[in-house]
Student: 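Handing you a structure now.
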Amino acid sequence: MINNMPTHFAGKVYSALRKVPKGKVTTYKKLAESINSKAYRAVGHALSQNPYAPAVPCHRVVASDGTIGGFMGQKTGEAIRKKIKLLESEGIVVENGKIVDFEKKVVEIKN
DNA sequence: AGAGCACTGATCC
DNA sequence: GGATCAGTGCTCT
């Protein structure tokens, strides 16, 4: 668990996200469910704050249908392009804002 | 206290 | 097939 978390909820989100290996991604839905919650939006917001930027790779979280979703508070723009680049650096192929072979890149979060 | 958000599933048109 | 609503937890005003 990460120290000094803003909230218990966010703390669980970060903790779960840290378990995602490099080259893989997860979804807001899986994250939320893995922490026993349905607050998908809250997960997104918690990541948007991202107080633990390097430890918590928020770019590794995507929407349930494989779309990038958003990054750094915006759903489109330079930040998104950067997020895609980051993912590609980890071996994830992104095309037209969506993850290619998304099902193979997604990893189930384990507690 | 009220509205909005990086979501999602279900309903409505 | 696209638009809207409800549910959820947190942040901002």
Side-chain angles (χ1 to χ4, degrees):
Chain A
M1 193 66 108
I2 303 181
N3 299 322
N4 232 355
M5 56 196 70
T7 66
H8 182 42
F9 178 85
K12 286 198 277 192
V13 173
Y14 304 138
S15 191
L17 179 53
R18 275 179 57 182
K19 294 181 178 111
V20 179
K22 177 188 165 195
K24 298 274 186 175
V25 297
T26 191
T27 67
Y28 298 100
K29 179 179 174 177
K30 285 177 194 276
L31 267 176
E33 289 188 345
S34 75
I35 63 177
N36 212 35
S37 220
K38 283 173 48 172
Y40 314 116
R41 301 179 109 190
V43 173
H45 241 170
L47 295 180
S48 79
Q49 302 159 44
N50 198 14
Y52 313 103
V56 181
C58 45
H59 62 270
R60 218 171 277 165
V61 185
V62 297
S64 69
D65 62 349
T67 51
I68 292 300
F71 192 53
M72 282 168 56
Q74 47 187 37
K75 297 170 58 173
T76 174
E78 189 69 21
I80 291 296
R81 215 188 61 70
K82 214 164 182 175
K83 176 172 180 177
I84 293 172
K85 202 168 183 177
L86 271 170
L87 291 171
E88 290 182 334
S89 299
E90 298 188 350
I92 297 168
V93 185
V94 180
E95 191 174 301
N96 196 22
K98 269 195 283 191
I99 300 216
V100 180
D101 288 333
F102 170 62
E103 304 168 24
K104 296 176 193 167
K105 310 291 187 189
V106 172
V107 59
E108 299 289 334
I109 308 264
K110 284 172 279 213
N111 203 343

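Residue numbers start from 1 in every chain, and the chains themselves are labelled A, B, ... in the order their sequence lines are given, proteins ahead of strands.
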Student: Looking only at heavy atoms, what is the nearest atom pair of A:Tyr40 and A:Tyr28, with distance?
Tutor: CD2-O, 4.0 Å
Student: With rounding to the nearest 0.5 angstrom, report the OH to SG distance, A:Tyr14 to A:Cys58.
Tutor: 9.0 Å
Student: Could you go through residues 15-23 of chain A and list every donor-acceptor pair under 3.5 Å that involves a side-chain atom there, pairing it with any protein atom two or more places apart or in another chain?
Tutor:
none

Student: Separation of A:Phe9 atom CZ from C:dC10 atom C1', in whole Å?
Tutor: 8 Å
Student: Please find the pair of heavy atoms, one from A:Pro6 and one from A:Ala10, that lie closest to each other, and give the distance.
Tutor: CG-CB, 4.3 Å
Student: Reading DNA chain B from 5' to 3', where do the contacts with chain A start and stop? Cut-off is 4.0 Å to heavy atoms.
Tutor: B:dG4 to B:dG9
Student: Taking only heavy atoms on the protein side, list every residue of residues 44-66 of chain A lying under 4.0 Å from any atom of DNA chain C, sorted numerically.
Tutor: A:His45, A:Gln49
Student: Quick one: side chains of residues 42-51 of chain A, donor-acceptor pairs under 3.5 Å with protein atoms, not counting sequence neighbours, listed by atom name and distance.
Tutor:
residue, atom, partner, partner atom, Å
A:Ser48, OG, A:His45, O, 2.7
A:Gln49, NE2, A:His45, O, 3.1

Student: Let me spell it out: for each of A:Arg41 and A:Pro6, pick the nucleotide of DNA chain C with the closest heavy atom. Which residue's pick is nearer the 5' end?
Tutor: A:Arg41
Student: Under 4.0 Å, heavy atom to any atom of DNA chain C: which of residues 21-39 of chain A qualify?
Tutor: A:Ser37, A:Ala39
Student: May I ask you to list the residues of residues 90-102 of chain A, by number, that have any heavy atom positioned under 4.0 Å from an atom of DNA chain B?
Tutor: none
Student: Write out all pairs satisfying ring-ring contact (aromatic ring centres under 6.0 Å, His included) with one or both partners inside residues 69-99 of chain A, taking only residues at least two apart or from two chains.
Tutor: none
Student: On DNA chain C, does the nearest nucleotide to A:Tyr40 precede the nearest nucleotide to A:His8 from the 5' side, or the other way round? Give the residue.
Tutor: A:Tyr40
Student: So what does the secondary structure string of DNA chain B come out as, 5' to 3', with Watson-Crick or wobble pairs under 3.5 angstrom, [ ] for crossing and | for pairs with another strand?
Tutor: |||||.|||||||
Student: Identify all side-chain donor-acceptor contacts of residues 80-90 of chain A below 3.5 Å with residues at least two apart in sequence or on another chain.
Tutor:
residue, atom, partner, partner atom, Å
A:Lys83, NZ, A:Val61, O, 2.9
A:Lys83, NZ, A:Ile68, O, 3.2
A:Lys83, NZ, A:Gly70, O, 3.0
A:Ser89, OG, A:Lys85, O, 2.8
A:Glu90, OE1, A:Arg60, NE, 3.1
A:Glu90, OE1, A:Arg60, NH2, 3.4
A:Glu90, OE2, A:His59, NE2, 3.2
A:Glu90, OE2, A:Arg60, NH2, 2.9

Student: Can you name the closest pair of heavy atoms from A:Met5 and A:Gly11 and give their distance?
Tutor: SD-CA, 3.6 Å
Student: Do any side-chain atoms of residues 31-39 of chain A form donor-acceptor pairs under 3.5 angstrom with protein atoms, and if so which ones, sequence neighbours left out?
Tutor:
residue, atom, partner, partner atom, Å
A:Ser34, OG, A:Lys30, O, 3.3
A:Ser34, OG, A:Leu31, O, 2.7

Student: For A:Thr76, give me all partners under side chain to side chain contact (heavy atoms under 4.5 Å, CB included), at least two apart in sequence or on another chain.
Tutor: none
Student: Please list every donor-acceptor pair under 3.5 Å in which a side-chain atom of residues 96-107 of chain A meets a protein atom from a residue at least two apart or in another chain.
Tutor:
none

